[in-house]
Every structure is written in structure tokens, then in C-alpha cells.
Participant: 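Encoded as C-alpha cells, here's the structure I'll be asking about.
It should be emphasised that the depicted structure is a prediction, and the values quoted were computed from it without experimental measurement.
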Amino acid sequence: GLLDPHSADGQLLGSEADLSLGVDIAGGHDLDGDGRGDLFASDEGNDSVASGGGALYAITGSLAQAGETAALADVTIVGAQPNLSFRFDVGDVDGDVRADLLLGTGSSHLSASGHGFAGSAGMAYLFHGPTSGTHTESDAATAIVGSDKTFGRDVLLSGNARGDNLVVLETAANAGAVSVFHPGSF
């Protein structure tokens with residue numbers, strides 16, 4: 001049959017600062033260790049801290065009712081630099097059974113100078129299972145600086161046949177490239 005989104009059991013709504021909430025969504029990964037999958041939604045255009053800084057929201061319980069706003073998220077990661085426009089993926093990189101978050105910020109306006117690097121470069125930020133509160137990119141366990149501004153425009157946390165977890169970051173410079181990092185390298 002045909003379902004109406006307004007009759008959903010739960011619905012996460014953006015606020016005025018969350019004009020593009022839901023550009024990227026994921027579910028099924030357990031961030032807080034309660035054994036149940038959680039909901040993740042990004043907002044590439046969030047301006048709550050910096051213009052176009054972006055945000056990632058994690059809801060670790062269920063959406064109890066339709067119309068809950070992203071402001072009620074259990075975990076929020078907001079961009080403190082302009083134009084980060086987060087892309088993200090969720091997986092378990094460190095093997096602790098809790099979800100880890102990888103955020104990519106491939107952007108033509110990003111300045112990596114706040115991370116000890118000069119010039120414009122795309123970045124990726126790895127968070128090891130933050131389970132509550134509001135964070136910025138500077139709270140990441142690992143920051144990876146790309147060689148150009150498109151690095152991190154898409155990110156993926158993945159496993160391989162040996163059971164190792166891999167961090168893969170795509171860059172589109174010139175001919176394009178995919179960078180793979182094994183857990184021991186960060």
C-alpha cells in the first residue's frame with residue numbers, strides 16, 4: 001500500500017539552521033553500546049556554529065513521536081569551520097563493538113590551517129564512538145588531511161575478508177584516487 005510520511009511512527013525534523021537535514025542518513029550501527037541500532041542524519045548546510053559548517057546528528061533511542069527536532073539528538077557533531085559540509089559513514093574501526101564515525105569534508109572553501117596545515121585541503125575526521133553531547137571536528141580522535149580540496153568528499157568505513165576494518169577516503173583530484181588506511185596506521 002501507499003504510506004504517507006506524515007503518518008510515520010517517528011520523524012526527525014530539521015530546524016531553520018538545518019535546511020538540508022537528511023542529505024545523508026544511516027542506521028543499524030550501535031553508537032551507545034545498548035545492543036540496538038541507532039539513527040544518523042547529516043545536514044550539510046547547518047549554520048549553527050559556522051556558515052555552512054554542517055552537522056551530524058545521532059539518535060540513540062527511538063524517535064518516540066513524529067516531529068522531534070534534530071536539536072534533541074543524543075550526539076551532535078557540528079562544523080566549527082565554514083563550509084565543511086560533512087559527508088559521513090558509520091562502522092566499527094577499533095573493534096570495541098561500538099560504532100565509530102568518519103566524517104569527510106571535501107570542500108573548495110575549507111582551510112586546514114586550524115589543524116596545523118596551511119592552505120585549502122579536504123579533511124576526514126574519525127570519532128571513536130562519542131555517546132553523548134555536542135562535538136566539533138577538533139574533538140576527533142584522528143584528523144586526516146588530504147592533498148587537495150576534494151579529499152574527503154565521500155567516505156566509507158568498511159571491512160575486508162580477513163576481518164580487518166578499513167577506512168577509505170575518496171578524492172577526485174585530476175584522475176581521482178581512493179585512499180585506504182588500515183586501523184594500525186592511525
Participant: For Asp43 and Gly54, indicate whether the former's side chain and the latter's backbone hold a donor-acceptor pair under 3.5 Å.
Facilitator: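 It does not hold such a pair.
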Participant: Scan residues 72-84 for pairs that pass salt bridge (Lys or Arg N to Asp or Glu O under 4.0 Å), counting only residues two or more places apart or in two chains.
Facilitator: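 As it turns out, there is no salt bridge (Lys or Arg N to Asp or Glu O under 4.0 Å) pair with a partner in residues 72-84 once direct neighbours are skipped.
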Participant: Going by heavy atoms in the side chains, are Val75 and Leu31 under 4.5 Å from each other?
Facilitator: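 Yes, side chains in contact.
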Participant: What closest approach, in Å, do Glu137 and Ala80 show between heavy atoms, and which atom pair accounts for it?
Facilitator: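 Reported closest heavy-atom pair: OE1-N, 2.8 Å.
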Participant: Over all heavy atoms of both residues, which pair between Leu157 and Gly91 is shortest? Give the atoms and the distance, please.
Facilitator: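 The pair with the smallest heavy-atom distance is CD1-N, 3.3 Å.
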Participant: Could you list the residues that satisfy side-chain contact (heavy atoms from CB on, under 4.5 Å) with Leu72, not counting sequence neighbours?
Facilitator: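 With neighbours one apart ignored, the set is Glu68, Thr69.
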Participant: Determine the minimum heavy-atom distance between Asp32 and Arg98, stating which atoms define it.
Facilitator: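 Looks like O-NH2, 3.4 Å.
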Participant: Sequence neighbours left out, what passes side-chain contact (heavy atoms from CB on, under 4.5 Å) with Asp24? Give chain and number order.
Facilitator: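 Ser42, Arg87, Phe88.
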Participant: Under 4.5 Å side-chain heavy-atom separation, chaining through any Ile, Leu, Val, Met, Phe, Trp or Tyr, what else clusters with Val78? Say none if it is isolated.
Facilitator: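 Answer for Val78: Val49.
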Participant: Test your reading of the model: is there a side-chain donor-acceptor pair from Asp100 to the backbone of Gly129, 3.5 Å cut-off?
Facilitator: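 Confirmed, Asp100 side chain pairs with Gly129 backbone.
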Participant: Could I get the full list of side-chain hydrogen bond (donor to acceptor under 3.5 Å, both in side chains) partners for Asp89, not counting sequence neighbours?
Facilitator: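 Scan of Asp89 (side-chain hydrogen bond (donor to acceptor under 3.5 Å, both in side chains), adjacent residues dropped) gives none.
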Participant: Mind checking salt bridge (Lys or Arg N to Asp or Glu O under 4.0 Å) for Asp96 and listing every partner two or more places apart, or none if nothing turns up?
Facilitator: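 So Asp96 forms no salt bridge (Lys or Arg N to Asp or Glu O under 4.0 Å) with any residue.
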Participant: Checking side-chain contact (heavy atoms from CB on, under 4.5 Å) for the pair Leu101/Ile77: CA distance, chi angles, key distance, verdict?
Facilitator: CA-CA 10 Å; Leu101 305 171; Ile77 300 173; 3.7 Å; yes
Participant: Does the side chain of Leu103 reach to within under 4.5 Å of the side chain of Leu56, using non-hydrogen atoms?
Facilitator: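 Of all side-chain heavy-atom pairs linking Leu56 with Leu103, at least one is under 4.5 Å.
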Participant: Is there a side-chain contact (heavy atoms from CB on, under 4.5 Å) between Leu126 and His128? Walk through the geometry before answering.
Facilitator: CA-CA 7 Å; Leu126 180 64; His128 292 296; 3.8 Å; yes
Participant: Does the side-chain contact (heavy atoms from CB on, under 4.5 Å) test come out yes or no for Ile59 and Asp38, once each step is laid out?
Facilitator: CA-CA 6 Å; Ile59 308 295; Asp38 300 317; over 6 Å; no
Participant: NE2/His135 to OG1/Thr76 distance, rounded to the nearest 0.5 angstrom?
Facilitator: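 The NE2 atom of His135 sits 8.5 Å away from the OG1 atom of Thr76.
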Participant: Pick out which of Thr105, Leu102, Thr142 makes a side-chain contact (heavy atoms from CB on, under 4.5 Å) with Tyr125.
Facilitator: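 Going through the options one by one, the only one that passes is Thr105.
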